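Below is one structure, written out as structure tokens; the observations come after it.
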Amino acid sequence: MSVAPPQPATDVDQAPAPARSRFDLRDRPELALVPVSFILIVLAWEYGVRLLDVPSFVLPPPSAIWESLVNQLQTPRFWNNLWVTTQEIIAGYLLGVTTAFLLGIAVVQSRIVEKTVFPYVVAFQTVPKIALAPLFVIWFGFGLTSKILIAALVSFFPMLINVIEGLRSADQDQIELMRSLDASKRQIFFRVQLPNSMPFVFAGLDIGIVFAIIGAVVAEWVGARAGLGYQLLQYIYDFNIAGLFAVLVVLAVMGLVAHSFIRLLQRRFAGWTETERTVGA
Amino acid sequence: MSVTTQPPSGTQHRDADVDRWIEIHDLDKVYRPRKSAPVIALQGIGFTVRQGEFVSLVGPSGCGKTTMLKILAGLIPKTSGTARLAGEEIEGSRRDIGMVFQAATLLPWRTILENVMLPIDVQRLDKKRYRARAMELLEMVGLEGFEDRHPRELSGGMQQRAGICRALVHDPDVLLMDEPFGALDAMTREYMNLELLRIWRESGKTIVLVTHSIPEAVFLSDRVVVMSPRPGRMVELVDIDLERPRQLELMQSDAAGAYVRRIRKHFNAAGVVH
Ligand SMILES: Nc1ncnc2c1ncn2[C@@H]1O[C@H](COP(=O)(O)OP(=O)(O)OP(=O)(O)O)[C@@H](O)[C@H]1O
Ligand SMILES: [Mg+2]
């Protein structure tokens, strides 16, 4: 994750001068620093491993990982595994965050729901959810269902906490304004509380997708017949560490794509949550 | 630059005494915060406002001016006493008031025009019809061209002016204004004072305005309610007997100066410099 460097405040009305364009490296040094440092790390890794004669089952050089990745991409088995895991992640994620969103609304809207549900939420939060994976495999089998449920469970909690926090964060003055206009409870919810919660909701969505990926992969380790997590385990049994790294690269790319997609949604549907245009993507 | 589009007039109140359009009698307000001692914000307040009258509340910080307005708007309950508006006890939110808040309180996800149109949206009035009025109001306060911007792109004073438009857009009978001009520079403030007087004269609204500026209260009002803090009490009710329509030069007159000095005396006596 890159941290945006501090930037000079620019007037909105002002046309950006050429010297201060978006792609000026003085303003956004990460545009150069990230690729350059990446190349340096890969080079150091490649030649370090060769010079020190590190066995490839301990740490393979990047070139071997790349080779393995390219080979895997040509097998139907890889695409099948990718498809299986993608399904688990997306189905589990959507199930988890949707349930959390609706429950969060119910908790904030109703005292009774809050008092009833909250003790369970607090108690459950301290349980390492991922540790339930073996149980879920026993209950729901080696197929997709157990993985979907684990992915749902782990993405559920960060989303729930964020939705509740976001809805509660609604500005008291704004609610008072709505009441001064004789707004209904429903209007206050849709026009003030819900929009106010958007930065939190998107934070929940962002953390949730990472958790869903972890959940699906770990659940596959416990018991599965296909999927990227399953594939990862196979490579470990075979001491194919280059193959394992290649799968990790694929998982990292999946995470990045999902994160970017959520940022895109945020920009599209809640653009005002980005207080400054300087926040790096 | 004048707002001509008049929306359909609101419901007519029957049985209401126009001389006691707003009627406050022996009103107390005690805040009871959960974690600290009770605060007596208002004690024994009593005044009436005629329909179409312009009344200002002045007093040092913390004397309960905002509290008084919120009770009038039905936003918070009084503790005891009487508070009536248009012949009915004030019991909760109502649609015949427009309120300008001390902080502009715009919704950051709405554009300026959408913010101004909020009352129309909430009260399900005819959007097409009121849109022209919203644009005229924005033009009047000097915000033309900013209607599609978001609040964060505007200065504090500009946001406050948008908040004034929002309070006026649905043409409420009663305007409650909590330091509406606090964030404005002196020039804009004088201009807004004159515009407010013009709107008031043309529309016949009843206005209750809170201000920190004694000259502003004298210039605008028919009557000034002078308050003192801890607990918030009324110390004097000053009738401002100056001819109308009023021009800015009026403030140079001896008569106006005398009113300002008379009101200011209360604060000096209380050790508050204003
Ligand atoms: N929600 C609240 N809970 C507890 N005490 C409050 C609350 N709101 C106001 N008060 C107290 O009531 C008193 C009057 O507050 P109020 O906001 O009405 O003053 P004000 O005259 O509007 O002041 P200012 O000129 O600074 O805006 C103050 O002592 C304040 O601390
Ligand atoms: Mg106040």
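Remember, predicted model here, so these are calculated numbers, not experimental data. To find a chain, count down the sequence lines: A is the first, B the second, and so on, and within it residues start at 1.
- Surrounding CD of Glu114(B) are more than 12 heavy atoms belonging to other residues, nucleotides or ligands, all under 6.0 Å away.
- Across every non-hydrogen atom of Leu107(B) and Val192(A), the tightest pair is CD2-CG2, 4.2 Å.
- With a 6.0 Å radius and a threshold of 12 heavy atoms from other residues, nucleotides or ligands, Arg95(B) has its CZ atom above the threshold.
- When heavy atoms are compared at a cutoff of 4.5 Å, Leu176(B) does not approach chain A at all.
- Pairing each heavy atom of Gln174(A) with each of Pro108(B), the nearest pair is NE2-CD, 3.7 Å.
- Listed options Asp173(A), Leu177(A), Ile188(A) were ranked by heavy-atom pairs under 4.5 angstrom with chain B; first place goes to Leu177(A).
- Taking both residues in full, the closest heavy atoms of Ser180(A) and Leu75(B) are given as N-CD2, 3.5 Å, listed atom of the first, atom of the second, then distance.
- To the nearest 0.5 Å, the span separating CZ on Phe101(B) from CD on Glu176(A) amounts to 6.0 Å.
- Looking only at heavy-atom pairs under 4.5 Å with chain A, the residue among Arg166(B), Arg110(B), Gln102(B) that has the most is Arg166(B).
- Counting all heavy atoms, side chain and backbone alike, Val122(B) lies closest to Gln187(A) at O-NE2, 2.8 Å.
- Here salt bridge (Lys or Arg N to Asp or Glu O under 4.0 Å) pairs that include residues 189-200 of chain A, with residues two or more places apart or in two chains, are Arg191(A)-Asp121(B).
- More than 12 heavy-atom neighbours from other residues, nucleotides or ligands sit within 6.0 angstrom of CZ on Phe54(B).
- Rounded to the nearest 0.5 Å, atoms OG1 (Thr105(B)) and CD1 (Ile175(A)) are 12.0 Å apart.
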